[in-house]
Peer 1: 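Quick one: structure below, then a few questions.
Heavy atoms only: backbone and side chains are in, while hydrogens, waters and symmetry mates are out.
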Amino acid sequence: QVHLVESGGGLVQAGDSRRLSCAASGRAFSTYAMGWFRQAPGKEREFVAGIVRSGGITNYAGSVKGRFTISRDSAKNTVFLQMNSLTPEDTAVYYCAARSDRFFSTVIVTSPDEYEYWGQGTQVTVSS
């Protein structure tokens, strides 16, 4: 199992950029596929970005594709979410999640129900 802690959120202006970090502690970080999800007030938690355990394959929600980039640094046990061209619609609590993958899956899982471990979230607020 892993313990996840997000950081990097805050108040930004529309059009600005922000990088979120997810620090992982525990065993076998490199065996987990990772994902970023977000939840706005009154809405369901939604998939934002995912990355396979090797880091070679990524996937993004249509609303953020071309603006956000997910990456991982296995040496630092950290996953990042680079967010560019932020809009007020990006305002949400952002969560880091981990899913065990012992078979090097090439499919990015987008359902939050399939992720075993979650961080506590970091608030991102984008003003107009």
Peer 1: With sequence neighbours excluded, give me every disulfide (SG to SG under 2.5 Å) pair touching residues 41-128.
Peer 2: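 For residues 41-128: Cys22-Cys96.
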Peer 1: Are the side chains of Tyr95 and Glu6 in contact, using a 4.5 Å heavy-atom criterion?
Peer 2: yes
Peer 1: Test: side-chain hydrogen bond (donor to acceptor under 3.5 Å, both in side chains). Region: residues 101-117. Which pairs qualify, not counting sequence neighbours?
Peer 2: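 side-chain hydrogen bond (donor to acceptor under 3.5 Å, both in side chains) check on residues 101-117 returns no pairs.
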Peer 1: Answer whether the closest heavy-atom distance between the side chains of Leu20 and Val124 falls below 4.5 Å.
Peer 2: yes
Peer 1: Which pair of non-hydrogen atoms, one from Gly121 and one from Val93, has the smallest distance, and what is that distance?
Peer 2: CA-CG1, 3.8 Å
Peer 1: Mind checking the CD-CD spacing from Glu46 to Gln39? Nearest 0.5 Å is all I need.
Peer 2: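 Interatomic distance, Glu46 CD to Gln39 CD, rounded to 0.5 Å: 9.5 Å.
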Peer 1: Taking only residues two or more places apart in sequence, or in another chain, which ones meet Ala23 in a side chain to side chain contact (heavy atoms under 4.5 Å, CB included)?
Peer 2: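 Here no residue qualifies.
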Peer 1: Rounded to the nearest 0.5 Å, what's the gap from CZ on Phe104 to OG1 on Thr31? Could you check?
Peer 2: 9.0 Å
Peer 1: Do Arg38 and Asp90 make a side-chain contact, defined as non-hydrogen atoms from C-beta onward lying under 4.5 Å apart?
Peer 2: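 With C-beta onward as the side chain, the pair touches.
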Peer 1: What I'd like to find out is whether the side chain of Met34 reaches to under 4.5 Å of the side chain of Leu4, using heavy atoms alone.
Peer 2: yes
Peer 1: Is Gln123 close to Thr91 at the side-chain level, that is, under 4.5 Å between some pair of heavy atoms?
Peer 2: yes
Peer 1: Looking at side-chain heavy atoms only, is the closest gap between Phe68 and Leu81 below 4.5 Å?
Peer 2: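 They are in contact (side-chain heavy atoms under 4.5 Å apart), so the answer is yes.
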Peer 1: Just checking, is any N or O donor in the side chain of Thr78 or Asp73 under 3.5 Å from an acceptor N or O on the other one?
Peer 2: no
Peer 1: Quick one: do Phe80 and Val64 end up in the same hydrophobic cluster if we chain Ile, Leu, Val, Met, Phe, Trp and Tyr together by side-chain heavy atoms under 4.5 Å apart?
Peer 2: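 Phe80 and Val64: separate clusters.
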Peer 1: Taking all non-hydrogen atoms of both residues, which atom of Pro88 and which atom of Ser128 are closest, and how far apart?
Peer 2: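 The pair with the smallest heavy-atom distance is CG-OG, 3.5 Å.
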Peer 1: Can you name the nearest heavy-atom pair linking Leu86 to Val12, along with the distance?
Peer 2: CD1-CG2, 3.7 Å
Peer 1: Which pair of non-hydrogen atoms, one from Ser17 and one from Ser85, has the smallest distance, and what is that distance?
Peer 2: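 Minimum heavy-atom contact is OG-N, 4.3 Å.
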Peer 1: Could you measure the distance from the NZ atom of Lys65 to the OG1 atom of Thr58? Nearest 0.5 Å is fine.
Peer 2: 9.0 Å
Peer 1: Does the ring of Tyr32 carry Arg53 above it, NZ/CZ under 6.0 angstrom from centre and within 45° of its axis?
Peer 2: no
Peer 1: Can a cation-pi geometry be assigned to Arg45 and Phe37, taking NZ or CZ under 6.0 Å from the six-membered ring centre and within 45° of the ring axis?
Peer 2: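 Output no; distance or angle outside limits.
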Peer 1: Within the 4.5 Å heavy-atom criterion, are Thr69 and Tyr60 side-chain neighbours or not?
Peer 2: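 A side-chain contact under 4.5 Å exists here.
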Peer 1: With rounding to the nearest 0.5 Å, note down the distance linking OG in Ser127 to CD in Gln13.
Peer 2: 3.5 Å
Peer 1: What is the minimum heavy-atom distance between Phe29 and Arg72, and which atoms define it?
Peer 2: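 That would be O-NH2, 3.2 Å.
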Peer 1: At their closest point, which heavy atom of Arg18 faces which heavy atom of Gly9, and how far apart are they?
Peer 2: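 Smallest interatomic distance, heavy atoms only, reads NH2-O, 3.1 Å.
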Peer 1: Are any non-hydrogen side-chain atoms of Arg99 and Val109 less than 4.5 angstrom apart?
Peer 2: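 Yes. Closest side-chain heavy atoms under 4.5 Å.
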Peer 1: What about Val48 and Ile108, same hydrophobic cluster or not, with Ile/Leu/Val/Met/Phe/Trp/Tyr joined at side-chain heavy-atom distances under 4.5 Å?
Peer 2: no
Peer 1: I'd like to know whether the aromatic ring centres of Phe47 and Trp36 sit less than 6.0 Å apart in this structure.
Peer 2: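 Ring-ring flag for Phe47/Trp36: false, centres at least 6.0 Å apart.
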Peer 1: When rounded to the nearest 0.5 angstrom, what distance separates OG in Ser7 from CZ in Arg19?
Peer 2: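 It comes to 9.0 Å.
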